[in-house]
Every structure is written in structure tokens, then in C-alpha cells.
Amino acid sequence: MTNLLEVRNLSKQFKSSGGPFRKPRAMYAVNDVSFDLPKGRVIGVVGESGCGKSTLARLILRLIEPSTGSLRFDGDDLRAKSPAAMRRLRADMQMVFQDPYSAIDPRYTITRALIEPFVVQGRYTNGTADQEVSELLTMVGLSPGLASSFPHQISGGQKQRVGIARALALRPRLLVLDEPTASLDVSVQAQIISLLEKLHDDLGLTYLFISHDLSLVRYFCDEILVMYLGRVVEALPETDATVRHPYTATLMDSTFAPDPRQRRIIAPLEGEVPSPFDQPPGCAFADRCPRATAICRSETPVLSTAFGHAVACHNPL
Amino acid sequence: MLEVRDLEVAFGQIAPLCGVSFALEKGETLGIVGESGSGKSLTAMSVMGLLPLSGGRITAGSIIFDGQELTKLPEAAYRKLRGGRLGLITQNPMTSLDPLQKIGPQVDAVARLHLGITGQQARARTIEILGTLRIPEPALICDRYPHQMSGGMKQRIVIAGALAADPDLLVADEPTTALDVTVQAQIIRLLDDLVKERALSLVLITHDMSVVAQTCDRVVVMYAGRAIEQGPVEAIFAEPQHPYTQALIGCIPKGLSEDEHLVGIPGTVPTVMNYPKGCPFHPRCIRAEDICTKTSPSLLPRVDGAVACHFPGAAP
Amino acid sequence: MTRITDTIARALSGFRSTPMSRAFGSWLGKIAGGFLALLVLTAIFAPWITPFDYAAQDLTNGNAPPGWPHLLGTDQFGRDVLSRVIYGARTSLSVSATAIAISITVGMTLGAAAGYFGGFFERAVMTVVDLTWSFPDILIALIFVAIIGPGLTSTTFAIAIAYLAQFTRLTRAQIVRLKQETFIEVTINLGAKPYHILLKHLLPNAIAPVIVVGMLAIGDGIVLEATLGFFGLGAQPPTPSWGAMMSSGTAKLFLSPWVIIFPGVVVAVTVIAVNLFGDELIRALDIRDRIRDS
């Protein structure tokens, strides 16, 4: 299987400049992330707020410029592309955004929003536009009758379907899904997920699925990357692989099963995600980790496959 | 402890709540679950007597709290009850605390107002309550400002405020929606322990069936301003009778079986403006027949509960 | 909870109507809007509705009190005050509107570029623009008068410069806010060039508050024009201007107060009407927050 996307040592450092009353600070939103995304696979990135998963999505699409690291898309070095070449290449790598409510220009009709990809890429032909729009709407399970509506006239779920249709208009090969269902109702979330499953099978798409919801990621994805404070702490090659990192284990325990017969007594993980600014050396999770030892507070663990799959932990489970 | 019967609420011509009934015993946790616009938050606001704030009023039904009818209660008496015997935990911990006041005084104020104790006694209580909420170094926390704390800590402070006057009933409106999963697990566990230790009654409003499954004794499923099914949580999850309840449970990924397939519920969640006639669920229901489009189903008894459907029964 | 009340509020306000029809919806909006429409029509059709030539002097009939045939009386040269007030509307409205149009065009361009490109360019533009704001309007006008002499051209430029900062800041604030919206990120990710993003998304969404503030600024512009006219820096005789008319009336203030009162009342009423109608428009477009954040 060939890799559609290869990410190597990708990092992004954000700096806040100092002023008369504050010191300049720096933080790594994404720190030394590497992974391969083979064609046709679905990789999930899971983590809590502030773990850098959304920044990672934007780095991969070069919506934010990485600080260091390399990105290869279908063998091409993405970071070496000129702005014009990058703009053309965007047709191949699209994204579905978290907030469907602000993802469509309020002044645009659905038709205009769906035609925009063709206009922008110089592929717009007057005669076929209407047909194209109704095909796209049908593909995502919407009635072509919605074409003349404005975004405020349709529901959140319908907006997200339009967002998906627009992302698919240019027939991309990679689709980055940034929490596509997080702002939707449960019943609508399930609709969107099953639509994305169907599109994956029908169009042979490759997905990078970003989410905070571990059960959703386990349901939807083939592989899982678990992120904590900008780093990948564990890469599960299968969704039922044995969990080795204590953080992943906590995340699993904190995810409730929708079944009253499976009530869990959770060993409550104390503390919360620390500030990403000016981190002390060592493992970022050490302060909350029940297995932490002296080495965890002095040396940052790196991903190692010594225990079967890649885990960044000194004392894996 | 709390009994709500045939509650109806109106905002001008619009009736976002039409016929909600449920009951809650002492020491029980009741989950009210539903999607956006189902009226679950409005139900909470009605119980707390906060409807007039947003221009709504109760047009029918009754709310009985510990033998006392609340719908006819004058505002002054309600004010005494609210924050006293009725505690409220709101959705967003970021905005429910006064940013300009230290944590200690904010929590003290509730106890001083409702229990009529001195400042010193109130502070001692505050420190004790913060301690039971597993907040490290409660005495130091009292001198902090809200912005110095994380989201999970702030939600604990909000809970402390709700507990300060020793309430009998706690209403928690989506208490964990704004929080991360690991923090959500901590807060849910905490609420669960509180109910057990203090023999509190808890009304937990949430959109998350998993949270209900993990914490509640009874559950009310709401849809389009109506309570469409209710009963003990085990029974509802094991044998849901209403097609909406069944579909809602089916919307959550369970685990690892390869052949599991999420379908979702076709159509969109109705908003207050376009509640369908007849059974509000009929446009999205696989079992819908002619009668469902015309008459609203009445509540039928089910195992220790009720269901509002013309064709209730196990999933085919 | 808030979502429910919001939905209800929106439904009750009736979102199918247009902002203009909603601005005319209240009785205040009707009165203010009606007066402004009448004023504009009067200015346009001035030659057909004025009873006398605005410049025709009749020294035998100077300072005549209101009556027949001079409804609002005559000034010291015996010119008909009503005709001069009507022609004055032409001067005031056209000078103010032209100046604000210039100000909006330049301000939107600068503000949009500053907001979109950011960085050093933004800081440079905003510093210069803020500097113009720190000068009193009269001083700016004096500078123009010193350079190109008194007249309507200097007045127009002075008003345009005086309100430039307002439009630049407002546009910039809109663009900076809109840049955060998801649909802009979406468009970038589709491979759009900057001009597409700016012209097809950012500016169309930023324009409504700018137009409304522009409308309000026309009111202020009328006052500034009148002030400059009063000091003799604006319209030169015999061109009628409300400010100049009032200034010529001051000499005989107690003898013939109508010469100064009528233009003054018209200025005041016009400015009040512009502000009331602008407020109604702001409410109708629901953009109060967006105007405040500049």
C-alpha cells in the first residue's frame, strides 16, 4: 500500500511577543509528529482540547506554516510548493470543518457555495454548473431543491452536508475531517458519520479524522493516534490493540459506555492538562500519571515500538 | 421529592413545552435527555422558577417540590427556595462565576443568605465543601479569582456554590458539556458520590445517553417539548419502547464489534417554530402511520414508567 | 435555553422582510425617513419648486418678515429665505454626500488592505489614519483653505479627511473579525487567491455597517459644512449654504431673526432625522455590535 501522506517530525511553535508587562513566551502546539497515511485508510487523531489536533490538521494542509518538519503528499514535497502550485494542489486535499454554522458565507446561496470550488480552481463551465450542484447535493443525501436556499434557512446537519459536498466537489483524494460532528445533535451526528462511511467506500477516499470522542474514533477509524500536549503519545495500529500508554488508558476509562449494566468505577484521574507554555522537562503527563517515576520528570519519552506498537512512555502498561 | 405533572410553557404564541410529567424520589438521580430544542433546559428553568427571566410562563400543569406547589409561588418565596433548598448547576462554568470576586466570598454569600450564619461560619463551611469536592488546599483556593482556575475547577466551584446552602434538590443543566472527557468523568463521579453521601435528589439534564447510562436511576427522554418515554434506566436501555429512544441509543457507537453500523435518525431535529402536528416524531419515524400525523399519542404505562407512542414495542 | 429564546425572538421579528422595510417599520423610522426623502426630492427639484430666484436681490424689500409672497421672509438683500433654504439643501447634501463617498471609498480600501495584510503595513496605515483623527475638523479645513482657497472643494476635502479614520477603522475591524470565520478558511483551502477572498467574501460582508455609519456621517458632514460656511470658509456668495445664511443673519439677529432661525432649524431637523433613521437601520440590520467593535 502506498502512502498518500507522509508526515515527518512536524512541529509548530507559537510565540507571543513580550510587552512592557509580560515576558515573551513560546509553546509547541504540535511537537515532533510523524506518521504515514496510506491510500484508502482512515486514521483518527484523538485528544482533549489544547492537545494540538486541530493545529495538526491545518499544518498538514498548510493553512498554517509548520515551523519544522516535512510533509509529503503522494510523494511530492508539500513544503517546497510555490503558493500558486499549492493553490492548485488544494483541489486534491480538502477539509471538513468543525463549525458548520460559520462554514458557509451567509450571503451565499447553497448553489453559489457549491460552485465556488470550480470558480476558484478555474474549472467553472456555465452549462454544467446546475447539474453538478444537484449531483453533489444528491451525493450527500440532500434534496436538489435546497440549492437556492441561504445557509440560515437550513439546519446544522444540512449545513454540514453542504460542507462535505463542497469539500468533495473537486474530487480530492485526501479529506481531513476536523471534528465534523462535534457541534451537531447526536441523531444528526450518526447520520453524518454513516454518510462519511458511505463516501469513503464509494469514492475510495483517504481520511484523517480529528476528534475528541474516543468511542467515535474507535468506531470510525482503522488506526488511532493519541495526542497529549502537542505530541503523539501512542499510535494504535488497530482500534482494538492493547493500550500501552497510561494516558490512553485514562481516556478509555473516562469514555462512558451507553449501557447502564456496564457502569464503571473510574479511578478518577486528578488534575488537568497543564499549560503548554514553558513546560518542564520530562513527560508532559507525569504529574497526572499513576505510574510516573523519577525518569518521567527528567527525560521526555520518545515514540518507540519496543512494545509492539509505537508508545512514548517510560513505564508502559 | 419533586413531581412535575403535565407541565406546559408558553412564550407568547409559541409553546415550546407541551405536556411534561415526571417524578423524582429522595436520593435519586433523574436524567432528562434530549437533543437541542427538545425542551430539556426549559424544563429545568421551569422547576427553578427562572422562566420569567426570558419572557416565558407556565400555562398549565403543576410542579410539586416536597409537598409545595411551585407554579403559584410568589417570586419572593421562590427566591428563598432557589439557592437554598433548590440548587442549580449551569452549563458554562466560565460565565457562572463573578470574575471580579474571589472564590471564597462567592460561595460564602450563598450560605450566609440562606442559612443566616456569620461570615466566619460560612467560610468554614465553604472550606469544608470545597474539601469534599476534592479541591486541593481549599483554604488557599478561597483567595483566588475564577480566572486563575481551569474549567474543571471552576465547575467544581459552581457545584460548591450550589451545595453551600445544603439543598435537597440539585438541578444540573449539562454540567459537563463544556469540559474535556477526563474532566467530565471526574465531575460526573463527583456528582454521583454527592447524591449518595448527602441523600440529595439530582436532576441531570444532558444530551448524552452515555452519561445517563452511567449515573441515573431514572430517565426521561424528551423530544420536541414532550416527555416521550420514561422509566428506570436499566429498563429504558434494555427494552426501549419508543422508536425515538431506540434510535437515539442506536446513534451512539458502542464499542468494537466490526458489524456495528451507525444509522442516525433521518431528517432534522424540529425547532420550537416547527413542531410537527400529531406525534412530533412522526416525520422521522419508521413506524409512523396515518394516526401519528393526526393525533398526539397519550402516555401509556410501561414497566415502571410511561411511553407516548401509538405503536410502542421492541425494535423489529 | 438561549437558543430557544433566540429562535422565538427571530421568528417574532419576522426575518422575511428587508432591512429597509424594517427601518421604516417604526413610527420614528417613518417620520425620519419620510423627512429625508422629502429633503432629497426638494434638493433635486429645487429650480421647479422655489417661488423666487435664490440670487435675485430686491433691496427695497430687505429684511421683510415672513408673510406673503415671501413665506419665510427675506434677508438683508431682499432675497427670498425659503428659496435660499431649498437651494441650501442642494449645497449641504451634495457637499456632505460627496465628501462621505470619497471618505468611504478611500477608508474602505485602506481599512480592508490593513485588515487583510496586517503586519507593518497595517500599523503604518492605522498610525497615519489615527493622526488625521487627532486634528480638529476645523483645523483640517483651515489647512485646505490655506492651500486651495475657500470654497466647496476645500469643504468637501476637509469633511472627507475628517471622517476617513472612522471608515478605515470600521472596515479594518470588520475584516479582522471576518478573517476568523470558518468560511474564509474554507475558501483559502479551496485554493482561492487573495483578491477572490477579499472581493467575494470579506468586503461584501463588511459593507453593511460601513454604509450605515456613512449615512450617519452625512448628518455630521452637514453640520461641518454649515460650520465652515458660517465662518466663510465654505460656499462663497451668492451660492446659498445653510451655514453662510446663518452667518449673514447674525448682523441683524434681533431685527430679523427669521434669516438665521429657518436655516438653523432645517440643519437641526435634518441632522436629527439622519441620526434617527440611521439608528433604525442599525437596529434593522442587527449590526450594533459590529459597529461598536471598531
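Below, read A as the first sequence line, B as the second, and so on, with proteins coming before strands; counting in each chain starts at 1. All values reported here derive from a predicted model rather than from experimental measurement.
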Query raised in the report: Stepwise, does the side chain to side chain contact (heavy atoms under 4.5 Å, CB included) test hold for Val269(B) with Ser155(A)?
Result: CA-CA 8 Å; Val269(B) 184; Ser155(A) 72; over 6 Å; no
Query - Side chain proximity check, Thr215(B) to Phe256(A), heavy atoms < 4.5 angstrom - result: no
Requested in this report: Can you tell which part of Gln189(A) gets under 4.5 Å to a heavy atom of chain B, answering side chain, backbone, both or neither?
Outcome: neither
Query - Side-chain heavy atoms of Leu214(A) within contact of Val181(B), under 4.5 Å - result: no
Report summary line: For Pro260(A) and Val233(B), the nearest pair of non-hydrogen atoms, with its separation, is CG-O, 3.8 Å
Report summary line: Closest heavy-atom pair, Ser187(A) versus Arg284(B), reported as atoms and distance to 0.1 Å, is OG-NH2, 3.0 Å
Query - Atom group of Pro136(B) that falls short of 4.5 Å from chain A, counting heavy atoms - result: neither
Query - OG on Ser49(A) to CG on Asp180(B), rounded to 0.5 Å - result: 3.5 Å
Requested in this report: Starting at CG of Asp213(A), measure out to CD1 of Ile252(B) and round the result to the nearest 0.5 Å.
Outcome: 10.0 Å
Query raised in the report: Hey, what do you get for OG1 (Thr268(B)) to CG (Leu184(A)), rounding to the nearest 0.5 Å?
Result: 12.0 Å
Query - Heavy-atom donor-acceptor pair, Gln214(B) side chain to Pro258(A) backbone, under 3.5 Å - result: no
Query raised in the report: Does a donor on one side chain and an acceptor on the other come within less than 3.5 Å for Gln184(B) and Ser254(A)?
Result: no
Report task. Might you confirm whether atom CD of Glu239(B) has over 12 heavy atoms from other residues, nucleotides or ligands at distances under 6.0 Å? Result -> no
Query raised in the report: Just wondering, more than 12 heavy atoms not from Tyr28(A) lying within 6.0 Å of its OH?
Result: no
Query raised in the report: How about Glu25(B): does its CD atom have over 12 heavy atoms from other parts shown lying under 6.0 Å from it?
Result: no
Report task. In sequence, state the C-alpha distance, the side-chain angles, and the governing distance for Thr182(B) and Arg288(A), and then conclude on side chain to side chain contact (heavy atoms under 4.5 Å, CB included). Result -> CA-CA 11 Å; Thr182(B) 55; Arg288(A) 303 171 74 191; 3.4 Å; yes
Query - Intermediate values then yes/no, side chain to side chain contact (heavy atoms under 4.5 Å, CB included), His207(B) and Asp185(A) - result: CA-CA 8 Å; His207(B) 66 280; Asp185(A) 273 313; 5.5 Å; no
Requested in this report: Would you mind telling me which of Pro266(B), Ala238(B), Ala247(B), Cys251(B) has the largest number of heavy-atom pairs within less than 4.5 Å of chain A?
Outcome: Cys251(B)
**Report entry** From CA spacing to verdict: side chain to side chain contact (heavy atoms under 4.5 Å, CB included), Val186(A), Met209(B)
**Finding:** CA-CA 9 Å; Val186(A) 200; Met209(B) 282 299 247; over 6 Å; no
Query raised in the report: Has Glu137(B) got more than 12 heavy atoms of other residues, nucleotides or ligands less than 6.0 Å from its CD?
Result: no
Query - Residue part contacting chain B, namely of Leu216(A), when any heavy atom lies under 4.5 Å - result: both
Query raised in the report: chain A heavy atoms under 4.5 Å from Leu179(B): which part of the residue, side chain, backbone, both or neither?
Result: neither
